[in-house]
Structure formats: C-alpha cells, structure tokens
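Heads up, the thing below is written out as structure tokens.
Computed from a predicted structure; not experimentally measured.
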Amino acid sequence: MHKYIKKFFLSLLSILLLQSFVCAAELEFAQVSDVHYSVDNLDMGKYLYFLSLSLHKQNADFAVFLGDNVDKSRDVDVIAFMQAVHSIRTPYYLVLGNKDAHKLSGLEKNEYLDIVSTFNRNQNEKENYYYFKPNSDFICVVLDDTPDFAQSKHGQVPEEQLKWLDNLLTKYSNKLFVIFEHSPIMPPRIEYGLSMLETEKYQEVLNKHSNVVLISSGHYHQEAIQQDEKGVRHISAPAFLNTPHSYQLIKIIYDEKNYKSPKDVEIIVTKVKV
C-alpha cells in the first residue's frame, strides 16, 4: 500500500514540475553601455566588431546600447559608430546619453536621430523616447533623461515623458515592462555629480504600477544589481569603453499566468567579455 502511495506522490510531483516548466517563459537580451566611440580610437571599432560576433553567438532576442555611444557629439563620430555596429544581426536599439546629442556644442537630438534612423531600421521613427515589443508578454521602454541644450552629467526625466510612461503602464497593465535609461534612478554608488534630478516624480509613477520588473542603465561605468522594496531590479551596466571590454546578458524567467509582482520573476545577469 505504501508503495502505491509513494508512486502516486511521485507522479503528482512530476506533473506539477512539468506544468511549471511549461508555464515558464524567457526573455533574453544584451545590454552595452558607455562605448564612448571616437574616430580617434581605432581599437574601439575592432572591439565593436568582436561585439557583433559575440552577440550573434549568444542569439539574444535583442540588444540595447545604454547611452554615451559616442564620446563627442559630432556627426563624424555618430556616423562611424553606426557603421561599426551595422554588422550586428541581432535587433538593436539606442538610448541617448549625455555625450551623444546636445545643441550647445554638438548635434541636436533630431540631427543625431537622423543619422541613427538612416542605419538602424528599428529606430526609423526618429523618436528620442519610445517603446518596442520584443514578444507578446513584454513592453520595453527607452527613456531620454538627457537635456536638450547643453551637456550635463545630471539625468532628468521630463514631466512629458513621465505622463507618457504612466499612460503606457496603464494601457498595457497586463504586460511586463523593462525600462532602459542612461542615468539610473537607483545608482550603483553615491556621487552627486552624476545623480539623476527630481527622482521623486519618477518614483511616484513607478509606485502606481506593479508591472515594471527591471530598470537598466549605464552612466556610472560601474556594474551593480540592486532591488527596491517592490522587487524591481535595477541593473547598472559596465562601460564597454573600459577593459576588459564587456557587456551584460540579461535573462528574465517568468510565468505570465501567475505574475503578481516583480518579485515573481527570476533575473539572471551574465557578464560577457568580447
């Protein structure tokens, strides 16, 4: 009798494990930050080529560059950067960094985005903030926290974008969200000179919703993985500029049917050297 009871429970456990496996789904992407590309640095073109080979090998769903893609806001550098990453077969997206576009001593944002859209079919709408859908369960948001006029190391998400984000999170309340930005709302270290300004308004929007699972950023040239009270992960990426030239591979494991809070997803971060 005990033998049959044991077999029953083993069978039940197998069914439960199988159901858990069937329900689990994954989203995997690569994030590259702070390349600081310049035509004066010939070696960086070589490492970006190695990056394209590495991304092809990883076969991620998409890749995102988290800003400061160029070191100076010059058309020659932006064009050369886009040419250097043009061989990437993985769908890729760009976040604006404080180095990339600023009217006072460089390219205006629309000029920068004109170049980007010429090379990258994923950004042909020429928007400085936007969203895309990597699969049926996720919405990925790209914010622009950089000033329009002059270069500043302080990030700030304008009220217009916060309203847009709030409406988007409400409209797609049944979707999971990843937010990409250059300056982190939760920085890897305390350094006022790099901090994001007026984070309270941004945090108010986030606190209203439970479908943001991850916020990724660069800017600090320091990798870190943190978690806030709601369970949202805040991942800071290393600078690709620095040796060893590396990026992060992010895997999100989730069950869309049983999701209740950001704590319900598993996130695995792997540092990959090119």
Would you say [X] and [Y] make side-chain contact, with heavy atoms under 4.5 Å?
X      : Y      : value
Tyr247 : Ser33  : no
Leu48  : Phe81  : yes
Leu194 : Arg189 : yes
Leu206 : Ile179 : yes
Val78  : Leu107 : yes

Ion pair check, [X] and [Y], cut-off under 4.0 Å:
X      : Y      : result
Asp166 : Lys208 : yes
Lys201 : Glu198 : yes
Lys175 : Asp137 : no

Verify same cluster id: [X], [Y] (apolar side-chain graph, 4.5 Å):
X      : Y      : answer
Leu143 : Val116 : no
Leu162 : Leu168 : yes
Phe65  : Phe50  : yes
Val70  : Leu241 : yes
Val85  : Leu55  : yes

### Message
In this structure, is the centre-to-centre distance between the rings of His219 and His154 below 6.0 Å?
### Response
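His154 vs His219: aromatic centres not under 6.0 Å.
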Could you report the tightest heavy-atom contact between [X] and [Y], atom names first, then the distance?
X      : Y      : result
Ser195 : Ser183 : C-OG, 4.3 Å
Ser216 : Leu66  : O-CD2, 4.1 Å
Asn128 : Asp144 : ND2-OD2, 2.7 Å
Ile253 : Glu26  : CG1-CG, 4.0 Å

### Task
Go through the structure and list residues passing salt bridge (charged side-chain N to carboxylate O under 4.0 Å, His left out) with Arg89, not counting sequence neighbours.
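So Arg89 forms no salt bridge (charged side-chain N to carboxylate O under 4.0 Å, His left out) with any residue.
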### Task
Identify, with sequence neighbours excluded, every residue that meets salt bridge (charged side-chain N to carboxylate O under 4.0 Å, His left out) alongside Asp228.
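By the salt bridge (charged side-chain N to carboxylate O under 4.0 Å, His left out) rule, Asp228 matches no residue at all.
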### Message
Strictly distance-based, threshold 3.5 Å: is any side-chain N or O of Thr199 a donor or acceptor partner for the main-chain N or O of Met196?
### Response
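Answer holds: no.
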### Message
Out of the candidates His102, Lys109, His182, only one should pair with Thr146 under the side chain to side chain donor-acceptor pair (under 3.5 Å) rule; please name it.
### Response
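The side chain to side chain donor-acceptor pair (under 3.5 Å) with Thr146 is passed solely by Lys109 among His102, Lys109, His182.
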### Task
Flag yes if more than 12 heavy atoms outside Lys230 fall under 6.0 Å of its NZ atom; otherwise flag no.
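Above 12, so yes.
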### Query
Crowded around Glu159 CD? As in, over 12 foreign heavy atoms under 6.0 Å?
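It does not: Glu159 CD has 12 such atoms or fewer within range.
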Name all residues meeting the ring pair (Phe, Tyr, Trp, His ring centres under 6.0 Å) criterion together with [X]; count only those two or more places apart in sequence or in a different chain, and write none if there are none.
X      : value
Tyr202 : none
Tyr37  : none
Tyr129 : Trp164

### Query
Which residue pairs pass the side-chain hydrogen bond (donor to acceptor under 3.5 Å, both in side chains) test with at least one member in residues 259-273, sequence neighbours excluded?
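Those involving residues 259-273 are Glu223-Lys271.
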### Query
Parallel, tilted or perpendicular for Phe62 and Phe132, by the 30°/60° rule?
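It falls in the perpendicular class, over 60°.
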### Query
Going through the distances and angles, do Asn207 and Glu204 end up as a side-chain hydrogen bond (donor to acceptor under 3.5 Å, both in side chains)?
CA-CA 5 Å; Asn207 290 342; Glu204 284 177 12; over 6 Å; no
